[in-house]
Number of protein chains: 2
Amino acid sequence: MTRILGIDPGSRHTGIGIIDVDDAGRATHVFNTALVLLGDGDFSVRLKRLLLGLSEVIEQWRPQEVAIERVFLARNPDSALKLGQARGAAISAVVLRDLPVHEYAAKEVKLALVGRGGAEKAQIQHMVGIMLNLHGKLQADAADALAIAITHAHVRATARRLGVSTQQAWSRK
Amino acid sequence: MTRILGIDPGSRHTGIGIIDVDDAGRATHVFNTALVLLGDGDFSVRLKRLLLGLSEVIEQWRPQEVAIERVFLARNPDSALKLGQARGAAISAVVLRDLPVHEYAAKEVKLALVGRGGAEKAQIQHMVGIMLNLHGKLQADAADALAIAITHAHVRATARRLGVSTQQAWSRK
C-alpha cells in the first residue's frame with residue numbers, strides 16, 4: 001500500500017488530496033481539503049499559510065509520494081507569477097520532507113480519469129467521486145488534487161506491470 | 001546594528017547579499033553570493049537547491065530583516081511562472097524562520113542607489129561597489145541582492161528619522 005498526496009496549487013486556493021493505492025492500482029480515499037489563501041495579509045503571509053498548511057498535512061498523513069499538476073501555458077504573466085509562487089511554496093513543503101515529486105500535465109490527468117485528453121473539468125470531478133466512492137459534492141480544487149493523485153496511482157500501476165520502477169516510468173514519459 | 005538579507009530570486013541564479021546597517025543607515029558589507037540553480041535535475045531539484053542553499057545562508061549569517069525585489073511585469077507567462085516558483089521557494093526559506101519580508105520595486109532600488117528611477121543595471125552595480133567599499137567585480141545577481149538590501153536600509157533610516165516603525169513606513173509606501 002502506498003500513500004499518495006496530490007496537490008493542485010493556486011494563489012487563492014490550493015487543493016490537497018490524499019489516497020492509498022495498492023499494487024494493482026486500486027485507490028482508496030484518505031483525505032481532501034482546500035487551503036484558502038485569500039484574505040488579509042500580503043502575499044508572503046499567503047505563501048506562509050500555504051507552506052505551513054501543507055507541511056501540517058504531510059506531517060499528519062505521511063504520504064510517501066507526491067504528484068502535482070504541470071503547468072504548460074499560463075494565461076498571462078501576472079497570473080503566471082502568482083501561480084508560480086504558490087507552486088514554489090508547495091514544492092518547498094514537499095522537498096523539505098525529501099519526498100519525490102511527480103508532475104502530470106492536465107491532459108494526462110484527463111486521459112487517466114476519463115480516457116479523453118479533452119474531457120471537461122466537471123467530468124473529471126464527477127469521475128473522482130465515482131472512483132473513490134465519495135458521496136456529496138467535493139470542493140473543486142480538492143477534487144483536482146485527488147485527480148492528480150489518481151493519475152499518479154495509474155502510472156505507478158502501469159510501471160509495475162511493465163516491471164520498471166515508478167521513477168523510470170515517470171522519467172520516460 | 002541590524003543585519004539585512006537582500007534576495008534577487010531567479011530560476012537560473014539567485015543573488016544573495018547581506019549587509020549590516022547602523023541607526024544612521026550606514027551600511028557595511030557582510031556577505032554575497034549567487035546560488036547557481038542550473039544543471040541536471042528537474043525543476044523540483046532546482047527549487048530544493050534554492051530552498052536549502054538560502055536556508056543555510058540564513059542559518060549561518062542570522063539576518064534580522066529581509067528584502068526582496070517586487071516584480072511588476074514579467075516578460076512572458078513561461079518566464080513569469082519560473083520566476084514565481086523561485087520567488088515562492090525563496091520566500092519559503094525566509095518565512096520558515098519567521099523573518100519579516102519587505103518588497104521593493106526595481107524603480108525604488110534605482111532611486112535609492114542612484115537617485116534616478118531610470119538608472120541602468122550596470123550603474124546600480126557600480127554604486128553597490130562604491131557604497132560598500134568593495135573592490136573587484138561583483139557577480140551581477142549578488143550585486144542586485146546587495147542593492148535591494150541597501151534600499152531597505154535607506155527606508156529603515158528614513159522611517160527612524162520620521163519616528164515611525166519600519167513596518168509602518170513600509171506599509172505606507
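Within every chain, numbering begins at 1; the chains are lettered A, B, ... in the order of the sequence lines, protein sequences first and strands thereafter. Every heavy atom of this structure was used, including side-chain atoms; hydrogens, water molecules and symmetry mates were not.
Side-chain contact between L83(A) and L81(B) is present, with at least one heavy-atom pair separated by less than 4.5 Å. Residues V95(B) and L51(A) are in side-chain contact: their nearest non-hydrogen atoms beyond the backbone lie under 4.5 Å apart.
Under a cut-off of 6.0 angstrom, the local environment of CZ in R97(A) is crowded, with over 12 non-hydrogen atoms contributed by other residues, nucleotides or ligands. Residue-environment remark: CD (E56(B)) stays at or below the threshold of 12 foreign heavy atoms within 6.0 Å. Residue-environment remark: CZ (R3(B)) exceeds the threshold of 12 foreign heavy atoms within 6.0 Å. Environment of NE2 in H126(B): sparse, with no more than 12 heavy atoms of neighbouring residues, nucleotides or ligands closer than 6.0 Å. In K110(B), the NZ atom is crowded: over 12 heavy atoms of neighbouring residues, nucleotides or ligands sit closer than 6.0 Å.
L111(B) is not connected to I124(B) by any chain of hydrophobic side-chain contacts under 4.5 Å among Ile, Leu, Val, Met, Phe, Trp and Tyr, and they are in different clusters.
Expressed to the nearest 0.5 Å, how far OG of S92(B) lies from CG of L50(A) amounts to 8.0 Å. Atom NZ in K48(B) sits 3.5 Å away from atom CG in D98(A) (nearest 0.5 Å).
Most heavy-atom pairs under 4.5 Å with chain B, from the set L96(A), I68(A), L52(A): that is L96(A).
Contacts between residues 128-136 of chain A and chain B, defined by a heavy-atom separation under 4.5 Å, are made by no residue at all.
In plain terms, the two heavy atoms of S44(A) and I91(B) that are nearest each other are CB-CG2, 4.0 Å.
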